[in-house]
Amino acid sequence: MSQHALHPRLAEVRETILRRNPGEVEFHQAADEVLATLGLVLERRPELAEASIIERLCEPERQLVFRVPWVDDSGVVQVNRGFRVEFNSALGPYKGGLRFHPSVLLGTVKFLGFEQVFKNALTGMPIGAGKGGSDFDPKGRSDGEVMRFCQSFMTELHRHLGEYTDVPAGDIGVGAREIGFLFGQYKRITNRFEAGALTGKGLEWGGARARTEATGYGTVYFAEQLLAGSGRDLEGLRVVVSGSGNVALYAAQKVVELGGTVVAMSDSGGYVADDAGLDVPHLIELKEHRRERMATYAQEKGGQHVADGSIWDVPCDLALPCATQNELDADGATALVRNGCLAVVEGANMPTTPDAVEVLATGGVTFAPGKASNAGGVAVSALEMQQNATRDSWSFTHTDERLRQIMASIHATCVETAEEYGVPGDLVAGANIGGFVRVAEAMRAQGVI
Ligand code: NDP
């Protein structure tokens, strides 16, 4: 990533962000990364910064914070906090997932919503940006408890949603089960089968084929494009995939399908490494159906389970961080460089710390930011909305082909934009500027709102 001195105007924007959002370090980090690249736009397209477009873009259109009371299995009333940050609707209805994890704060949701603005713009589709969630932890909760939580969460949130207004989907801790409970409650309260109000639905009730796989597959399609730029492909590559949730599992599946070997995967309890390659179908069964841990995988299928180490120490040609923010730090990046890793392609949102990005750049490792490389999930969510609007249902193959084309087009946008703005090969700048230009042009046309 290139480090551009911050333009005075952008330094002011940054000050305002810090003042208005105290302590929200992840949001500051995400904003810093974007602002560091927008100086190039101010030089070449000053009209896109008129009427305080950048200032408006850094301030969410609406932020919702609400109480979520629910009754657990022992009859005790639990209280969680719910969030929805509706960041930008210049391109379409707010679109972005819900995260249920004990670490979720308003600043977490704000950083994710901000990333979503650029990501959704890069897809070229008619979707604005939002993100939501709660500090509720579904882990260890019964299905009944998860259902009661989801019902309470949706009882408040429903008034802000709608296929033309705001369309949530899943993220960490929100998968098919949670989307089912959320949609059921939305339908009950509104008395409408409004399929387009949520994405990631089950196939029998308005879901899209390939949505489950989309973020992971899309990340690997992006990696495929990136490798093709230097005349390579995934055949024979050793790949480390962090995480073992929705994104990680389907990234791993696609890596294997394209001839790579997944040599390590993880969860918050540690990682499993196996030079011979992990058994991905077994892992999908274990994680998705049995909700088991990586440690159990090692007991059943072998490989070395390391509880307290860093997955980035495992030698690989390609690294796909697919778990959570800031999981790949400078030490991890140093290990990747030392082991001759070719590229880091983010499947998660902001998994690589700024220091690590710097280490990778210095070490000659190509780096693809998540707002470009993990956009496949939201892109197929937009295709799900399209199918809902026309009461249609496409085949897996058709949707997967569309996804592959979209990822190739996002990759091309990043590469071409970086070249156009004089920073060839800088995919971070390419993604930020490519996304910004599309949103800024729409905001400019729509007046001061
Ligand atoms: P899941 O809940 O399905 O999986 C998350 C995985 O990451 C789990 O293996 C989990 O381990 C691990 N993890 C989560 N938090 C932590 C933590 N604090 N420390 C260590 N490990 C952690 O989530 P998704 O796969 O849906 O999301 C993963 C990432 O991808 C997130 O950054 C998300 O924002 C991003 N993303 C997701 C999209 C989607 O379509 N789902 C779309 C675009 C981006 P454990 O089970 O032990 O907690």
Side-chain angles (χ1 to χ4, degrees), residues 26 30 95-105 108-109 111-116 118-120 122-123 127 129 131-133 135-140 168-179 199-200 207-208 210-219 222 241-253 264-272 283-284 286-288 290-297 307-308 310-311 320-329 332 345-352 369-382 384 403 407 410:
E26 290 156 338
K95 183 84 200 83
L98 299 172
R99 175 176 294 190
F100 293 168
H101 193 273
S103 65
V104 169
L105 297 166
T108 323
V109 177
F111 116 67
L112 290 164
F114 185 72
E115 292 279 292
Q116 204 84 37
F118 303 87
K119 179 189 310 195
N120 293 6
L122 282 169
T123 66
I127 40 177
K131 200 84 187 189
D135 57 4
F136 171 71
D137 187 0
K139 228 181 277 169
D171 191 81
I172 290 177
V174 178
R177 174 182 61 171
E178 290 75 16
I179 294 290
T199 60
R211 174 61 188 92
T212 304
E213 295 82 356
T215 310
Y217 278 22
T219 302
F222 194 97
V241 182
S242 66
S244 49
N246 171 264
V247 179
L249 289 172
Y250 290 97
Q253 187 182 71
M265 291 184 73
S266 61
D267 57 26
S268 55
Y271 70 86
V272 174
L283 196 53
I284 291 178
L286 179 132
K287 280 279 171 183
E288 285 206 328
R290 290 156 51 198
R291 295 184 186 272
E292 279 290 355
R293 317 290 301 154
M294 288 306 296
T296 311
Y297 172 90
D308 289 323
S310 163
I311 192 172
L320 305 178
C322 295
T324 193
Q325 63 269 17
N326 294 327
E327 52 161 318
L328 170 51
D329 61 10
V345 178
E346 293 186 330
N349 284 311
M350 211 171 71
T352 316
K371 60 170 77 74
S373 48
N374 74 28
V378 77
V380 173
S381 273
E384 181 174 334
L403 170 64
M407 296 315 296
I410 294 172

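As the structure lists them, so they are numbered: ligands from 1, and atoms in each ligand from 1. Predicted model only: the values in this text are computed from it and were never measured.
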Write out the residue and atom name of the closest protein heavy atom to atom 44 (C) of ligand 1, then the distance separating them to 0.1 Å. Asn349 ND2, 3.4 Å
Does Gln325 reach ligand 1 with a nitrogen or oxygen that is under 3.5 Å from one of the ligand's nitrogen or oxygen atoms? no
Quick test: of every protein heavy atom, which one is nearest to atom 18 (N) of ligand 1, and how far off is it to 0.1 Å? Thr324 CG2, 3.8 Å
With a 4.0 Å heavy-atom cut-off (strictly under), which part of Thr215 contacts ligand 1: side chain, backbone, both or neither? side chain
For atom 28 (C) of ligand 1, the closest protein heavy atom turns out to be Ala323 O, 3.2 Å
Between Arg211 and Glu384, does any NZ, NE, NH1 or NH2 come within less than 4.0 Å of an OD or OE carboxylate oxygen? no
Can a non-hydrogen atom of Gly173 be found less than 4.0 Å from any atom of ligand 1? yes
Starting from atom 25 (O) of ligand 1, locate the nearest protein heavy atom and write down its residue, its atom name and how far away it is, to 0.1 Å. Val247 N, 2.9 Å
Per-atom contacts of ligand 1 with Lys139, taking only distances under 4.0 Å to non-hydrogen atoms: 45 (P), 46 (O), 47 (O), 48 (O)
I need the contact type for Arg99 against ligand 1. Using non-hydrogen atoms and a strict under-4.0 Å cut-off, is it side chain, backbone, both or neither? side chain
Kindly compute the distance separating CD (Glu346) from OG (Ser242), expressed to the nearest 0.5 Å. 10.0 Å
If you have a sec, work out which protein heavy atom is nearest atom 33 (C) of ligand 1 and how many Å separate them, to one decimal? Asp171 OD1, 3.1 Å
Do Ser268 and ligand 1 have an N or O pair less than 3.5 Å apart? yes
How would you list, by chain and number, every residue that makes a side-chain hydrogen bond (donor to acceptor under 3.5 Å, both in side chains) with Tyr297, sequence neighbours excluded? none
Show the atoms of ligand 1 that are less than 4.0 angstrom away from any heavy atom in Ala348. 29 (C), 30 (O), 32 (O), 35 (C)
How long is the gap from CG on Leu112 to NZ on Lys371, to the nearest 0.5 Å? 11.5 Å
Find out whether Pro369 and Lys119 are in side-chain contact, i.e. whether some heavy atom of one side chain is under 4.5 Å from a heavy atom of the other. no
Just by modelled atom types, is the Leu105 backbone N or O under 3.5 Å from a matching donor or acceptor in the Asp135 side chain? no
Per-atom contacts of ligand 1 with Cys322, taking only distances under 4.0 Å to non-hydrogen atoms: 28 (C), 29 (C)
Arg293, any N or O under 3.5 Å of ligand 1 N or O: yes
Of Gly245, Ala251, Gly376, the one whose closest heavy atom lies nearest atom 8 (C) of ligand 1 is Gly245
Pairing donors with acceptors under 3.5 angstrom, does anything connect the side chains of Gln253 and Glu213? no
Might you work through the side chain to side chain contact (heavy atoms under 4.5 Å, CB included) test for Met294 and Lys287, ending with a clear yes or no? CA-CA 8 Å; Met294 288 306 296; Lys287 280 279 171 183; 4.1 Å; yes
Which of the ligand 1 atoms, numbered from 1, are nearer than 4.0 Å to a heavy atom of Gly243: 9 (O)
For ligand 1, is there an N or O atom under 3.5 Å from any N or O atom of Gly170? no
Determine whether Thr108 and Gln325 make a side-chain contact, defined as any pair of heavy atoms from C-beta on separated by less than 4.5 Å. yes
With heavy atoms of His101 as the reference, note each atom of ligand 1 found under 4.0 Å away. 15 (N)
With a 4.0 Å cut-off, strictly under, does atom 10 (C) of ligand 1 pick up any protein heavy atom? no
Quick one: look up the protein heavy atom nearest atom 23 (O) of ligand 1 and list residue, atom name and how far away it is. Ile172 CA, 3.3 Å
pair Tyr217-Leu403: side-chain heavy atoms closer than 4.5 Å: yes
So, does Asp171 use its side chain to make a donor-acceptor pair with the main chain of Gly97 at under 3.5 Å? no
Going by the rule side chain to side chain contact (heavy atoms under 4.5 Å, CB included), which residues pair with Val109 if we only count those two or more places apart in sequence or in a different chain? Phe83, Val85, Val104, Lys131
Backbone, side chain, both or neither: what part of Arg211 comes under 4.0 angstrom of ligand 1, heavy atoms only? side chain
For Glu327 and Ala323, indicate whether the former's side chain and the latter's backbone hold a donor-acceptor pair under 3.5 Å. yes
Do any nitrogen or oxygen atoms of Asn246 come within less than 3.5 Å of a nitrogen or oxygen of ligand 1? yes
